[in-house]
Amino acid sequence: MNPAVVSCRSCEGAALEVFLDLGTTPLADRLVEDRDAEEPTFPLEVAFCTDCSLVQILETVPPSVLFQEDYPYYSSFSPALLRHTRENVAALITERRLGPDSLVLEPASNDGYLLANYVEAGIPVLGIDPAEGPASEAQRKGVRTINTFLTRDLAQSLQDDGVSADVIHANNVLAHVADTNGFVAALEILLADDGIVVIEVPYVRELINNCEFDTIYHEHLCYFSVTSLSHLFERHGLRIRDLREVSIHGGSLRLFVGRGGLQGDRVRSALQSEFNHGLQEFSFYRNFQEDVERLRDELVALLTSLKGAGHSIAAYGASAKGSTLLNYTGIGLDLLDFVVDRNTHKQGKFMPGQHIPIHGPEHVLSHRPDFLLLLAWNFAEEIMTQQAEYKELGGRFIVPVPSPAIV
Ligand code: JHZ
């Protein structure tokens with residue numbers, strides 16, 4: 001058994017109220033190599049901290065288990081994500097006047113997809129990532145990378161060696177760390193006095209409003225709002241100075257965090273808007289279980305009726321969220337023939353739990369399923385454009401969230 005949290009991951013208070021139980025599921029990014037293999041499953045319960053408003057899961061699967069050598073997620077396989085980061089980097093280089101004497105640091109630098117943009121512009125970088133495969137891919141690209149977790153101790157020893165970052169990117173990493181406070185302390189240690197931390201996290205408001213329950217899995221320990229984040233950062237002497245809402249990953253927050261300084265207008269109005277919507281109240285989350293069950297029932301009914309009418313169905317995107325969706329709804333080989341994904345590290349393997357085979361995207365045209373369920377619905381537009389020929393030949397897409405729809 002893994003330790004389940006009994007106190008809040010951020011404020012350490014004991015006021016955790018569970019509002020969603022997704023049962024027990026296998027690890028979402030642990031693709032199966034042998035179809036008959038048995039996998040461990042872990043409870044997936046989500047709670048709200050009535051003290052600091054942080055939404056979090058109770059189970060902590062050890063990070064060394066989650067982010068092993070064969071961690072299959074490589075950011076570079078998503079062109080939309082590449083564009084998204086390239087634009088962000090270009091703006092920061094200009095705004096912060098970065099050059100050969102600057103340093104940009106990134107924990108969870110993955111395969112170097114973001115830092116490579118700085119390397120191209122001649123700006124020194126340091127990536128830190130525990131997953132061996134993606135970290136070596138980054139090194140191959142010329143992105144200096146340390147293959148480990150960012151902890152308070154590592155930050156201290158880097159600081160002792162003179163590391164001080166003008167920009168720290170922390171995209172989709174804060175939710176993944178088991179020691180939330182230790183990680184934020186590490187950011188504070190490594191940040192130059194006038195530096196900025198640029199953080200992206202999926203926005204819990206969008207998760208709840210759009211029923212994006214499949215983004216919940218063991219890698220994601222926390223689900224953030226501006227309210228819960230501002231409590232967390234202030235405790236470490238950091239301040240959210242500015243923010244933007246960005247559409248990536250089903251709706252995310254991009255935060256600009258510094259050592260003190262002013263809380264900008266956009267931050268104040270986001271906090272006010274969250275307050276008006278009640279994100280600091282348990283009642284905002286109370287009905288989510290019902291919403292998720294409704295979506296599950298509708299999706300299973302839709303796929304069952306299509307299958308019953310003689311249609312074939314496959315899925316696009318061997319995503320981590322796809323694993324939650326399939327395992328929670330029980331959608332398996334009886335309904336889906338195969339899954340396709342561009343990530344070559346995923347092809348030839350099987351989806352966790354349901355053991356549906358994963359092939360390359362060319363399998364769509366060679367097998368022509370009548371319907372494609374989008375398990376990477378966050379990239380729906382991009383995938384549908386890519387699959388224009390399939391569509392012209394009569395193929396249809398099913399988008400599962402916010403409620404199942406054929407498009
Ligand atoms: P994608 C990942 O979650 C992993 P996942 C991680 N846990 C995280 O925190 C979130 O991102 C933020 C493929 N694809 O990015 C690539 C195509 O095949 O939605 C991916 O395997 N063709 C770190 O895994 C998958 O789909 C395409 O055209 O839920 C998408 O996975 C595109 C655009 C993607 O996130």
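When a ligand or atom number is given, it counts from 1 through the structure's own listing order.
- Within the 4.5 Å cutoff, the side chain of Arg205 has no heavy atoms near those of the Ser225 side chain.
- One option in Phe379, Phe77, Tyr74 has a heavy atom closer to atom 33 (C) of ligand 1 than any other, and that option is Phe379.
- The minimum heavy-atom distance linking Val32 with Ala37 is given by the pair CG1-CB, 4.1 Å.
- Proximity of Asn147 to Ser136: side-chain heavy atoms (C-beta onward) are nowhere separated by under 4.5 Å.
- Atoms CG and OG, from Leu279 and Ser228 in turn, are 8.5 Å apart once rounded to the nearest 0.5 Å.
- The two atoms that bring Ser10 and Arg235 nearest to each other are O-NH1, 2.8 Å, heavy atoms only.
- Within 6.0 Å of atom CD in Glu389, 12 or fewer heavy atoms from other residues, nucleotides or ligands are found, so the atom counts as exposed in its surroundings.
- The ligand atoms of ligand 1 that sit less than 4.0 angstrom from a heavy atom of Lys346 are 20 (C), 21 (O).
- When hydrogens are left out, the protein atom nearest atom 5 (P) of ligand 1 is Ala320 N, 3.5 Å; that is the closest non-hydrogen contact.
- Residues Glu45 and Gln56 have side chains not in contact (no heavy-atom distance under 4.5 Å, counting atoms from C-beta outward).
- Residue-environment remark: CZ (Arg268) exceeds the threshold of 12 foreign heavy atoms within 6.0 Å.
- Closest to atom 31 (O) of ligand 1, if we only count protein heavy atoms, is Ser319 CB, 3.5 Å.
- Scanning the protein heavy atoms around atom 30 (C) of ligand 1, the nearest turns out to be Ala376 CB, 3.8 Å.
- What sits closest to atom 23 (C) of ligand 1 on the protein, heavy atoms only, is Tyr71 OH, 3.3 Å.
- The closest approach between Tyr217 and ligand 1 falls below 4.0 Å for a heavy atom of the residue.
- Look at Ser78 and you'll find a heavy atom under 4.0 Å from some atom of ligand 1.
- Not a single heavy atom of Trp377 lies less than 4.0 angstrom from ligand 1.
- In this structure, the protein non-hydrogen atom closest to atom 7 (N) of ligand 1 is Glu219 OE1, 2.8 Å.
- Looking at atom 19 (O) of ligand 1, its nearest protein heavy atom turns out to be Lys321 NZ, 2.6 Å.
- The two residues Glu293 and Tyr328 have their closest heavy-atom pair at CG-OH, 3.4 Å.
- Of all protein heavy atoms, the one lying nearest to atom 18 (O) of ligand 1 is Arg342 N, 2.7 Å.
- In terms of polar-atom proximity, Glu382 is not counted as a contact of ligand 1, lacking any N or O under 3.5 Å from an N or O of the ligand.
- Distances below 4.0 Å separate heavy atoms of Gln386 from the following atoms of ligand 1: 27 (C), 28 (O).
- Between Thr324, Ile248, Asp341, it is Asp341 that holds the heavy atom closest to atom 26 (O) of ligand 1.
- Considering both main-chain and side-chain atoms, His249 never comes within under 3.5 Å of ligand 1 through any nitrogen or oxygen pair.
- For Arg259 and Glu188, the salt-bridge test passes: some basic side-chain N is under 4.0 Å from an acidic carboxylate O.
- In terms of protein heavy-atom proximity, atom 2 (C) of ligand 1 is closest to Tyr73 CE1, 3.5 Å.
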